[in-house]
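Since this is a predicted model, take the numbers as computed values, not measurements. One-based numbering, in listed order, for ligands and for the atoms of each.
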Amino acid sequence: MIIGLTGSIASGKSTVAAMLNELQLPIIDADLVARVVVEPGTETLQQIVEAFGEEVLLEEGTLNRPKLGDIIFHEPAKRKTLNDIIHPAIRREMLRQRDELLENGARHIIMDIPLLFESRLQHFVDNILVVSVKEETQLRRLMERNNLSESEAKARISSQLPLFEKEKGADAVIYNNQSLESTREQLHKILRIWQVVN
Ligand SMILES: Nc1ncnc2c1ncn2[C@@H]1O[C@H](COP(=O)(O)OP(=O)(O)OP(=O)(O)O)[C@@H](O)[C@H]1O
């Protein structure tokens, strides 16, 4: 079974991913893939340089993310150019990793995709697991973790699809409002129902 793990900012995806890792389930991490596909020497990085110029490279040849972020912030049309290069590369690499794991005999695979719904990647997975949290808890954890003011944290939360919308598209939801033990129990129960663990 391919399980899509998602949620919202600071809802607890990494926390649940760590619990899945403890169970030795293989995890494909979309954020990590997004970095790997633009490493020096990749075709994707070459395409970005062709579209944006050498100025988006640092001296050592890696991507200058703040610079690129600045360009697409000031010229919104260029965001699409960038996404049209990066998104297909991320998708290809995620599917490549999935196929490799399957060839090596993996029976269950976790795809950790924070923006699964926003990127419309539901078809990549068999079952969707959403890690949800009450907004007040999410706000408090985000402010603490990232050292943000309330308004900065609120702005980040509201830039994503609301969690109640994600819950509607889920096959199972973990409510990560209480202790880590409660979250772990919910996770294990879902995995038993899905026959991923005994
Ligand atoms: N059940 C919990 N009890 C207390 N703190 C928690 C709990 N779950 C998560 N946290 C804390 O809340 C913060 C957000 O959790 P986590 O980093 O797992 O979220 P995330 O969804 O992966 O976030 P992002 O997508 O923003 O990286 C972290 O500091 C984490 O340690």
Side-chain angles (χ1 to χ4, degrees), residues 2-38 63 65-66 68-69 72-73 79 82-83 86-87 90-91 93-94 97 108-122 124-125 127-192 194 196-197:
I2 313 283
I3 298 172
L5 174 67
T6 194
S8 183
I9 184 166
S11 74
K13 298 175 299 295
S14 306
T15 302
V16 171
M19 293 174 182
L20 289 160
N21 189 41
E22 282 165 16
L23 295 170
Q24 289 172 1
L25 289 161
I27 302 175
I28 299 172
D29 178 336
D31 286 343
L32 196 62
V33 168
R35 290 199 289 273
V36 166
V37 296
V38 295
L63 196 58
R65 288 170 189 279
L68 196 55
I72 61 175
F73 181 76
R79 181 182 294 273
L82 183 64
N83 286 345
I86 288 185
H87 287 176
I90 296 174
R91 285 162 199 236
E93 175 60 15
M94 290 187 73
Q97 290 189 14
H108 306 290
I109 298 171
I110 315 297
M111 285 189 158
D112 177 352
I113 314 180
L115 299 179
L116 184 137
F117 290 104
E118 290 87 343
S119 312
R120 299 195 179 83
L121 291 179
Q122 291 95 322
F124 267 29
V125 302
N127 277 353
I128 298 176
L129 177 56
V130 167
V131 183
S132 192
V133 68
K134 282 196 211 123
E135 193 167 331
E136 59 188 80
T137 311
Q138 180 183 27
L139 191 60
R140 180 171 44 77
R141 288 183 185 157
L142 180 57
M143 287 169 66
E144 275 169 21
R145 190 192 61 184
N146 293 25
N147 218 347
L148 298 176
S149 69
E150 186 170 328
S151 61
E152 284 168 333
K154 279 188 171 161
R156 291 185 195 201
I157 291 171
S158 61
S159 73
Q160 298 186 347
L161 191 67
L163 267 167
F164 72 85
E165 291 289 353
K166 297 190 180 187
E167 284 181 26
K168 284 188 211 160
D171 293 290
V173 180
I174 291 178
Y175 297 96
N176 183 32
N177 301 300
Q178 293 168 0
S179 67
L180 292 174
E181 222 23 68
S182 151
T183 294
R184 192 188 306 274
E185 269 171 34
Q186 294 176 64
L187 173 66
H188 287 205
K189 189 171 169 195
I190 292 161
L191 294 177
R192 279 197 299 274
W194 288 350
V196 172
V197 298

* With a 4.0 Å cut-off on heavy atoms, is S8 touching ligand 1? -> yes
* Non-hydrogen side-chain atoms of I190 and L129 separated by less than 4.5 Å -> yes
* Counting heavy atoms only, which of R156, Q160, R145, Q178 is nearest atom 23 (O) of ligand 1? -> R145
* To do: Assess whether atom CD of E167 is packed by more than 12 heavy atoms of other residues, nucleotides or ligands within 6.0 Å.
  => yes
* Asked: Going by heavy atoms in the side chains, are N176 and V16 under 4.5 Å from each other?
  -> no
* At the 4.0 Å heavy-atom cut-off, does S11 count as touching ligand 1? -> yes
* **Test of proximity, G12 against ligand 1: N or O pairs below 3.5 Å** => yes
* Interfacing atoms of ligand 1 (cut-off 4.0 Å, heavy-atom, K13) -> 18 (O), 19 (O), 20 (P), 21 (O), 22 (O), 23 (O), 24 (P), 25 (O)
* Asked: Would you call E22 and R184 a side-chain contact if the rule is heavy atoms closer than 4.5 Å?
  -> yes
* **Ligand-residue contact atoms, ligand 1 with N176, heavy atoms, under 4.0 Å** => 1 (N), 2 (C), 7 (C), 8 (N), 9 (C)
* To do: Could you tell me whether K168 and E165 make a salt bridge, using a distance below 4.0 angstrom between a side-chain N and a carboxylate O?
  => yes
* Provide, to 0.1 Å, the distance between atom 5 (N) of ligand 1 and the closest protein heavy atom, together with that atom's residue and name. => R141 NE, 3.5 Å
* Under 4.0 Å between a Lys/Arg side-chain N and an Asp/Glu carboxylate O for E136 and R141? -> no
* What protein heavy atom sits nearest atom 30 (C) of ligand 1, and how far away is it? -> T15 OG1, 4.1 Å
* Structure fact -> Under 4.0 Å from one or more heavy atoms of I9, ligand 1 contributes atoms 26 (O)
* Would you mind checking which non-hydrogen protein atom is closest to atom 22 (O) of ligand 1, with the distance to 0.1 Å? => S14 OG, 2.6 Å
* Please round to the nearest 0.5 Å and tell me the distance separating atom NZ of K166 and atom OG of S8. => 5.0 Å
* Close side-chain approach of I3 to H108, heavy-atom, < 4.5 Å -> no
* Asked: Among the heavy atoms of G7, does any lie under 4.0 Å from an atom of ligand 1?
  -> no
